[in-house]
Each structure stands twice: as structure tokens, then as C-alpha cells.
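The structure appears right after this line, and notes come after that.
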Amino acid sequence: MKTQQELSNGENIIDTIEISTPLGPMLAGATSQGVCILEFINRIKLEKEILDLQKLLNAVMLPGNNPHLDQLANELTEYFEGRRKVFSVPLHIPGNEFSQAVWKTLQEIPYGQTCSYKQQADKMNNPKAIRAIATTNGRNRLAIIVPCHRVIGSDGKMIGYAAGVEKKKWLLKFERSHSEIPADSLF
């Protein structure tokens with residue numbers, strides 16, 4: 001098995017591990033630059049997401065570890081223990097300028113809080129792009145770290161989570177129970 005960050009044919013390596021969580025196993029992957037994928041194993045269209053990521057990074061995914069994955073595993077443990085509210089692990093998030101802006105606004109939603117797709121569009125000064133923003137949220141490859149689970153419908157409904165609405169509800173209730181925000185203000 002190759003352990004260097006680039007294969008002889010010029011492809012890069014995305015080291016991958018599986019991380020156990022209270023919500024089920026997650027696939028985690030990282031390059032030498034940072035974590036590039038963290039997804040629940042049961043996420044819809046996971047295979048397509050993996051293929052797209054490999055193409056974007058000219059990379060192949062191989063079982064293996066690196067310091068970013070070690071840090072991620074530790075930070076996820078702290079998160080699920082209710083001790084971590086913000087992740088500091090380096091990220092490697094390929095995407096166009098619009099996608100980068102969408103994912104950046106997701107990272108600005110405070111722990112224990114939610115916003116609507118409309119509020120996210122307003123924050124981006126792009127109120128007519130709600131559908132494009134929602135679609136881009138759905139292409140987020142970094143579950144929990146880039147917290148797309150914190151975006152809900154304008155009517156407060158739990159919509160649009162590729163790993164399943166039940167996981168989204170669980171994450172929101174969990175975060176609310178470990179934040180300073182009153183627990184009854186979520187639903």
C-alpha cells in the first residue's frame with residue numbers, strides 16, 4: 001500500500017478511516033492539506049460524492065491515517081461528549097467561489113442555533129439564490145464540521161439532510177441540550 005501523498009501516476013492520496021459515532025459509522029478522509037470528507041456511511045449518493053471528490057482532487061481514496069484524521073477523531077469525540085462547539089481541524093474543501101461562500105456561511109451558524117435557507121441567502125446578500133444555496137448545502141462533504149444540519153425550512157421544518165432527517169433532528173437536539181440556548185426554542 002502506498003503511503004506517500006502522491007502515487008507514481010500523479011494522483012494524490014486521500015487517506016480514509018471509519019469513525020464510530022452515536023449516530024452510526026462515518027467515513028472520514030483527508031489529504032496532506034486537511035480533512036476533505038466526513039460523511040455518514042448511509043448518506044444518499046455517497047458513492048457519487050466520493051467519485052466527484054476524487055476527480056476534483058485528482059486523487060484516489062485509500063485506507064490509511066494521517067495527523068488530520070487523528071485530530072478529527074479526537075475533535076468528534078469531544079463534540080459527541082458535548083465538550084466541543086467549534087472544530088479546528090484543517091479542512092481541504094475543493095469547490096468554486098459560490099460553493100466556498102455557501103460553505104463559509106454554514107460555518108458561521110453558531111452551535112445550538114439554526115437558520116433558514118432564506119436567512120442563509122440573505123446573509124450572503126443573494127436573496128434570489130435560495131435554491132442554489134440549498135443545493136450547494138446538499139453537496140457539503142463535511143457533515144457536522146460544516147454544519148449544514150443547522151439549516152432548516154423557513155417554517156421550522158426539518159428538511160434537506162442527505163444522511164436523513166432523523167439524524168438532523170438528533171444533532172440539533174443534542175447541540176441545543178449542550179448550549180446556552182433554551183432547549184424549548186428549537187421546534
Side-chain angles (χ1 to χ4, degrees), residues 5-7 9-19 21 26-62 64 66-69 71-73 75-76 79 86-111 113-153 159-165 167-168 171:
Q5 287 301 309
E6 187 175 302
L7 298 172
N9 63 359
E11 285 185 312
N12 297 306
I13 294 176
I14 301 169
D15 292 307
T16 62
I17 61 172
E18 187 174 292
I19 299 175
T21 75
M26 297 184 83
L27 169 69
T31 65
S32 59
Q33 294 179 44
V35 175
C36 58
I37 189 166
L38 178 65
E39 289 289 6
F40 289 101
I41 300 294
N42 72 333
R43 182 204 198 288
I44 58 170
K45 299 182 181 178
L46 180 59
E47 297 81 12
K48 180 182 180 340
E49 184 174 283
I50 290 169
L51 291 173
D52 291 347
L53 179 62
Q54 290 178 121
K55 186 175 179 182
L56 279 168
L57 296 178
N58 185 34
V60 60
M61 294 178 97
L62 295 172
N66 74 32
H68 302 304
L69 292 174
Q71 182 178 349
L72 172 63
E75 290 186 12
L76 270 178
Y79 171 85
V86 177
F87 290 87
S88 61
V89 65
L91 304 179
H92 185 182
I93 312 175
N96 63 29
E97 190 176 324
F98 178 78
S99 296
Q100 295 291 328
V102 170
W103 297 328
K104 182 178 182 296
T105 61
L106 289 174
Q107 291 175 288
E108 295 169 359
I109 304 169
Y111 180 94
Q113 295 184 28
T114 59
C115 79
S116 69
Y117 293 98
K118 181 181 181 333
Q119 289 170 319
Q120 186 182 5
D122 290 344
K123 183 170 175 82
M124 293 179 64
N125 295 316
N126 203 344
K128 293 184 179 179
I130 294 172
R131 286 184 192 269
I133 289 168
T135 298
T136 303
N137 283 356
R139 287 197 317 266
N140 169 33
R141 291 178 288 274
L142 293 164
I144 301 173
I145 297 173
V146 177
C148 57
H149 63 275
R150 295 180 189 155
V151 183
I152 59 176
I159 56 173
Y161 197 61
V165 173
K167 281 186 175 67
K168 182 174 190 162
L171 288 166

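Each residue takes its place number in the sequence, starting with 1.
Here the closest non-hydrogen pair linking Ala143 and Tyr161 is CB-OH, 3.9 Å. Scanning both residues, Ile130 and Pro127, for their nearest heavy atoms gives CG1-O, 3.5 Å. Taking every heavy atom of both residues into account, Gln71 and Pro90 meet most closely at OE1-CD, 3.6 Å. Here the closest heavy-atom approach between residue Leu106 and residue Pro147 is recorded as O-CG, 3.3 Å. For the pair Ile145 and Gln107, the tightest heavy-atom approach, listed with the atom from each and the gap, is O-CG, 4.3 Å. Listed here is the closest heavy atom pair of His92 and Gly34: CB-O, 3.7 Å.
Residue Asp52 forms a side chain to side chain donor-acceptor pair (under 3.5 Å) with just one option from Lys55, Gln54, Lys48, and that option is Lys48. Just one of Ile93, Ile109, Asn137, Thr105 meets the side chain to side chain contact (heavy atoms under 4.5 Å, CB included) condition when paired with Val146; it is Ile93.
The distance from atom CZ of Phe98 to atom CG of Asn126, rounded to the nearest 0.5 Å, is 6.0 Å. Annotation: the span from Leu51 atom CG to Leu46 atom CG amounts to 9.5 Å, rounded to 0.5 Å. Atom CG of residue Leu38 and atom CG of residue Leu72 lie 5.5 Å apart, to the nearest 0.5 angstrom. To the nearest 0.5 Å, atoms CG (Leu171) and NE2 (His149) are separated by 5.0 Å. Note: Ile152 CD1 to Cys115 SG = 8.0 Å, rounded to the nearest 0.5 Å.
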- Task: Apply the test side-chain contact (heavy atoms from CB on, under 4.5 Å) to residues Ile144 and Phe87: give CA-CA distance (whole Å), side-chain angles for both, the deciding distance (0.1 Å), then the verdict.
- Result: CA-CA 9 Å; Ile144 301 173; Phe87 290 87; 3.8 Å; yes

- Message: Before you tell me yes or no, could you show the steps for Gln120 and Val102 under side-chain contact (heavy atoms from CB on, under 4.5 Å), namely the whole-Å CA-CA distance, both residues' side-chain angles and the distance that decides it to 0.1 Å?
- Response: CA-CA 8 Å; Gln120 186 182 5; Val102 170; 3.6 Å; yes

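Judged purely by atom type and a 3.5 angstrom limit, Thr16 has no side-chain atom pairing as donor or acceptor with the backbone of Ala28. Remark: side-chain polar atoms of His68 are not paired, donor with acceptor, to backbone N or O of Leu91 under 3.5 angstrom. Using modelled atom types, one side-chain atom of Lys168 and one backbone atom of Ile159 make a donor-acceptor pair closer than 3.5 Å.
Contacts classified as salt bridge (Lys or Arg N to Asp or Glu O under 4.0 Å) and involving residues 128-150 (residues at least two apart or in different chains) are given here: Arg150-Glu175. Note on residues 90-106: pairs passing salt bridge (Lys or Arg N to Asp or Glu O under 4.0 Å), not counting sequence neighbours, are Lys104-Glu108. Listed by first and then second residue, the salt bridge (Lys or Arg N to Asp or Glu O under 4.0 Å) pairs involving residues 32-45 are Glu39-Arg43, Arg43-Glu49 (not counting sequence neighbours).
In this structure, the side chains of Leu27 and Ile50 come closer than 4.5 Å at one or more pairs of heavy atoms. Taking the side chain as every heavy atom from C-beta outward, Pro94 and Leu53 approach each other to under 4.5 Å. At least one side-chain heavy atom of Asp15 sits under 4.5 Å from a side-chain heavy atom of Ile13. Between Thr21 and Phe40 there is a side-chain heavy-atom pair separated by less than 4.5 Å. Within the 4.5 Å cutoff, no side-chain heavy atoms of Asn12 are placed close to those of Thr31.
Listed by chain and number, the residues in a side chain to side chain donor-acceptor pair (under 3.5 Å) with Asn96 are Ser99 (sequence neighbours excluded). Here Thr136 pairs with nothing under the side chain to side chain donor-acceptor pair (under 3.5 Å) rule; sequence neighbours left out. For Asn140, the side chain to side chain donor-acceptor pair (under 3.5 Å) criterion is met by no residue, not counting sequence neighbours.
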